[in-house]
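The structure appears right after this line, and notes come after that.
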Amino acid sequence: MAESFEDLTAFILKAAEKRFDEAVVHAVRSRGRLIKFTNGGLSAGRLSMDQTASVFVAKGKKVAVTALKELESRQVEKSLAKLEKFVAKEKPNPEYGGIADSGFRKMDVMNLYDPRVERLTGEELSGYVSEGVDGALSRGAKRASGTLETGYSKEILRSSGGAKCSQKSTSLTFSLRAFSDKDASGHKVCVTRALQHFKPWDVGVNAGDLARESMNPRPVPAGKMDVLFDPMAAAVMMQHVGEAASIFSVEAGFSFLEGKLNKKVGSDILTVFDDGTLPGGMASTNFDAEGIPAQKTTLIRFGVLRNYLHSTGTAKRYGVQTTGNAGIIHPRPWNVVVDRGNYDVHELVRETRKGVFVTNMWYMRFQNYRTGEFSAIPRDAMFYVENGRIAHPVKGLRLSDSMPNLMGGIEALSEKREQVFGWEVETPVKCGHMLARGMRFTKSTAKAGEGAR
Amino acid sequence: MGSDLADFAVKHALRLGATYAEARFEKIRASMFSLKNGVPQLGGFEEASGLGLRLVFHGAMEYCSTDWMDKGHVEKLVEGGMKDAAANARLVKDPVLLSVEEAEKAKWRVKEKKKIDSVGVDEKLEILAGIDSALAECEVKLGSRFFSLGDGTSEKYYVNSEGTRIASATPGVGFYAVFAVQDGKGGSMQRHVQKHETGGYERLFAWNLEETVCGEAKAIGRVLAEGVPAPEGEISVVCAPEVVGIACHESVGHPYEADRILGREGAQAGESFITQNDMGLRIGSDAATVVDDPTIPNSAGHYLYDDEGVKARRKPLMVNGVVSEFLLNRESAYLLGMTSNGSARAMDYESEPIVRMSNTFLLPGNYGDDELFEGVRKGVYVKSFTEWNIDDKRMNQKYVSCEAYLIENGRVGKPVKRAVIETTTPGFWGAVEAVGKKVECFAGTCGKGEPMQGVPVSMGGPPLRLKGIRLGV
């Protein structure tokens, strides 16, 4: 019976190597806590304590994966025996290119782990919630709801290719939505891995300001308009650049970047990276799912698509180098980083001739992943901008356009950027305010009076 | 062993001072296979078990979970949960109380005629390969295609401090496809097909997947090649069950969830345009009656007792266009002075039970299929949809057609490209003037909660006719 977590992982790998040609074991022990609050009061707390060992195996070109929860040695042997039978009945994947057997390097990405986050007490966490709610109420919000979530994990990865990696990480996420009226709300998040960057009061204040400023919205006609996106809204859309850049998405028909390598896909000022080494990035990591160091990869440079995201196996098929993006199943993005511009938000409002300032986005759905046509609903505060000035709050519009049009229409970006991650943004995005020209908005065609409540 | 740990967790929480405790031990066995452009991808299986515990201490609700299945860790979990609940108690405005419900003792399981374990890995891959071959031969210009097939069984043991004990086993099978059809001139359309039912492989074999996928591909190939623009002005729109289903789910099911109405999901999943005082409010026409019913055998959202141990039943949400009942769990029922109607569901042992839909559908009317089209001088028949969304209060919604046809003088004619229904909830349900007879439901995965929980649901109804609709752009 293995004793330490490291020994346990090594034991699983050794047992897997006896049965398969290649194996990767990625073991994670984690602890998570969450406080969900509604209208300033507690809805529920949550505590989780988990351990999992994900096991990837290959025999020839047959590949499979399983997740082990019971790590006692006899159970591990039993599960691996079952996996062996499973693989024997599979069909080979002629595209499978093997796992990495070199290129391993010890990394130390900044701000992955903060012991102070791991040690936060329940009293401190509930105190942060109160601080955020008080911040929102201090700016005129009538109520505030949201979540505070903190996590700690220890990961060990061992592979038959020779990878030996480990890391500890922490995370702290605060999401607060402030309401000042039935159609007036503001939403802000703070996502960090280190306590020093955690500002719950600021989250409450900023959401509260938006809630107050968005009271008494008025309708505006649908049509083509300039749009200034807050980072919260921009991130909802820009996360899809990362997913679309995975070679798996390209091959499976999930990508609006298919066939666009070295072609223009955005405006001249658009530069986007995938960065697994982003200090404090919520998906930053020292290693990918085969133990290769994570890296910063240029996806789009000055509007031109430069790279897709690869693992060792997919890179071999395309005659390129891995980008350190192996996931347990297929290449995946880490953190999508939109390069900074040189404007501040006030200048961007002045640059918006006639359009809307969208502070949050909700329910983005694609009509066709390959063409990138989508619609999404601006949520929370939205303002009409006329002649470079905010005129009044608006509601009832839907952004109905496409990713190519959005990326091609980006004309200005702010210098200051934020990291956004959460319910609507599953791939973390670091970006600033984004001004795009000529985006198409639609609205309900129901007759006046229908749905007026 | 797992049920013993669940019993122990409840007792230990009570011993430490919890005023309420419930535990759910769950054992999950699942496998998944996929095929991308005809090439088998990574296959996999999972055998996981874990324990979820919910307790109330000092008026604070705490949900705790672990997959370390030994007494020492469960003990630590209970004690950690109690400690966090005590710390969170300072945030409590109103102590959590639950509606009073009957203590239940029951065992139930979904039967499998063709047991999941009796279908081999090779057979499952053959199913996917067969669909791929059939699609390749169905005379449309294909783009990329991706198919996946999954199956699994969830065995649960639920116990609470009020004497309820429920044991259940729910096997299920599912299929997902996304494929593109091209017109050869640079245009393409993409179609997603999702299937899920509880039961064994007999359910999957009944779907006739090769025929279904090929039929879908040919239909959108025709839309691409021959599709005309959607008509302008006020027209009649006949919606097929797939479109009726998404409207039932998004603009009837969700806004009738009591936790949304009370603001508990306000931070992310959203609130509701309906308030707690809106019982009896008219939303739709007399022809529109929508129910949520978890008791339908083999449905995607099937269960007989919910994840709070409350017996499941049909819930008439909107009856003849009028708000009739909310979806309730025990917490929201208490706050509204009601009893639960068995709508609490959790995605798995790691997730707290919250108010969820199950199978949400429109009840049948009296119109035959032909009668729905008769008398329509100009209209559109929307058979399936692609892009859709709705605002977080469930008022403004959009459904873009995938397969649609013109209706001219009562007859279904040429395919239509991109018919857009962009309307409000009363705008849609108030326009229902005729409802067909045959109910058909479609599977989906419904997302809600923090952290996000995706649960299997179904949605549907008979076809219906909307009058006076102005299509969007």
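In what follows, chains carry the letters A, B, and so on, assigned in the order in which the sequence lines appear, proteins first and then strands, with residues in each chain numbered from 1. Computed from a predicted structure; not experimentally measured.
Between chain B and the residues A/K89, A/M364, A/M49, the largest count of heavy-atom pairs under 4.5 Å involves A/M49. No other option in A/E149, A/K85, A/R143, A/E258 has as many heavy-atom pairs under 4.5 Å with chain B as A/R143. The candidate with the highest count of non-hydrogen atom pairs below 4.5 Å against chain A, out of B/C64, B/S65, B/A87, B/G59, is B/S65. Among A/S375, A/A88, A/G127, A/S48, the residue with the largest count of heavy-atom pairs under 4.5 Å with chain B is A/S375. The candidate with the highest count of non-hydrogen atom pairs below 4.5 Å against chain A, out of B/H73, B/M32, B/E46, B/E123, is B/E46. Annotation: maximal heavy-atom pairing with chain A below 4.5 Å, among B/G52, B/A180, B/S188, occurs at B/S188. For the options B/I469, B/N88, B/D122, heavy-atom pairs under 4.5 Å to chain A are most numerous at B/N88. Counting heavy-atom pairs closer than 4.5 Å to chain B, the top residue among A/G122, A/A58, A/A64 is A/A64. Options B/S49, B/G80, B/P451 differ in how many heavy-atom pairs under 4.5 Å they form with chain A, and the most are formed by B/P451. Contact count against chain B (heavy-atom pairs under 4.5 Å) is highest for A/R379 among A/K91, A/K443, A/R379. Among the candidates B/E352, B/E234, B/R191, the residue making the largest number of heavy-atom pairs closer than 4.5 Å to chain A is B/E234. Contact count against chain B (heavy-atom pairs under 4.5 Å) is highest for A/Q51 among A/Q51, A/R370, A/E123.
Only the side chain of A/T371 comes within less than 4.5 Å of a heavy atom in chain B; its backbone stays farther off. Heavy atoms closer than 4.5 Å to chain A are found nowhere in B/I421, neither backbone nor side chain. For B/F147, no part lies under 4.5 angstrom from a heavy atom of chain A. With a threshold of 4.5 angstrom between heavy atoms, B/M69 does not approach chain A through any atom at all. When heavy atoms are compared at a cutoff of 4.5 Å, B/K398 approaches chain A by way of both its backbone and its side chain. At a 4.5 Å heavy-atom cutoff, the contact between B/A48 and chain A is made by backbone and side-chain atoms alike. For chain B, the nearby part of A/R33 is the side chain; its heavy atoms alone come within less than 4.5 Å. Using a 4.5 Å cut-off between heavy atoms, A/A144 makes no contact with chain B at all. Proximity to chain B is absent for every atom of A/L125, based on heavy atoms less than 4.5 angstrom apart. Contacts of B/V473 with chain A are made by both backbone and side-chain atoms, with heavy-atom separations under 4.5 Å. Only the side chain of B/D84 comes within contact range of chain A, with at least one heavy atom under 4.5 Å from a heavy atom of that chain. There is no contact between A/P378 and chain B, counting heavy-atom distances below 4.5 Å. When heavy atoms are compared at a cutoff of 4.5 Å, A/I35 approaches chain B solely by way of its side chain, counted from C-beta outward. For a residue to count as touching a neighbouring chain, one of its non-hydrogen atoms must lie under 4.5 Å from one of that chain's; by this rule A/F179 touches chain B with the side chain only. Contacts of B/R470 with chain A are made by both backbone and side-chain atoms, with heavy-atom separations under 4.5 Å. B/L262 touches chain A through its backbone: at least one of N, CA, C or O sits under 4.5 Å from a heavy atom, while the side chain does not. Both the backbone and the side chain of B/V92 come within contact range of chain A, with heavy atoms under 4.5 Å apart. Contact annotation for B/K393: only side-chain heavy atoms (C-beta onward) come within less than 4.5 Å of a heavy atom of chain A. Contacts between B/A129 and chain A at a heavy-atom distance below 4.5 Å involve the side chain alone, from C-beta outward. Looking at B/D391, both its backbone and its side chain come within 4.5 Å of chain A, counting heavy atoms on both sides.
For B/H192 and B/F385, the gap between ring centers reaches or exceeds 6.0 Å. Aromatic ring centres of A/F86 and B/F33: separated by under 6.0 Å. Checked against the 6.0 Å centroid criterion, the rings of A/F248 and B/F146 qualify as a close aromatic pair.
A salt bridge links A/E251 to A/R317: at least one charged side-chain nitrogen sits closer than 4.0 Å to a carboxylate oxygen. Taking the charged nitrogens against the carboxylate oxygens, B/R264 and B/E331 do have a contact shorter than 4.0 Å, which makes a salt bridge. Electrostatic pairing of A/K69 and B/D67 counts as a salt bridge here, judged by a charged N lying under 4.0 Å from a carboxylate O. Taking a cutoff of 4.0 Å between a charged side-chain nitrogen and a carboxylate oxygen, B/E422 and A/R398 qualify as a salt bridge. Classification of B/R54 and B/E62 as a salt-bridged pair fails, no side-chain N sitting under 4.0 Å from a carboxylate O. For the pair B/E450 and A/K36, the salt-bridge criterion is met [side-chain N within less than 4.0 Å of a carboxylate O]. In summary, A/D50 and A/R29 do not engage in a salt bridge, as defined by a charged side-chain N under 4.0 Å from a carboxylate O.
Under the 3.5 Å distance criterion, the side-chain polar atoms of A/D181 are left unmatched by any main-chain donor or acceptor of A/D183. Judged by distance alone, the side chain of A/W362 and the main-chain N or O of B/G270 form no donor-acceptor pair under 3.5 Å. Between the side chain of A/R46 and the backbone N or O of B/E350, at least one donor-acceptor pair lies under 3.5 Å.
Between A/F56 and A/Y96, the angle of the ring planes lies from 30° to 60°, which puts this pair in the tilted group.
Looking only at atom types and distance, the side chain of A/R177 has no donor-acceptor partner in the side chain of A/S145 under 3.5 Å away. A side-chain N or O of A/T121 and one of A/E124 form a donor-acceptor pair less than 3.5 Å apart. Counting only N and O atoms by type, the side chains of A/S175 and A/H187 include a donor and acceptor under 3.5 Å apart.
Both the sub-6.0 Å distance and the 45° axial angle are satisfied by A/K82 relative to the ring of B/F45.
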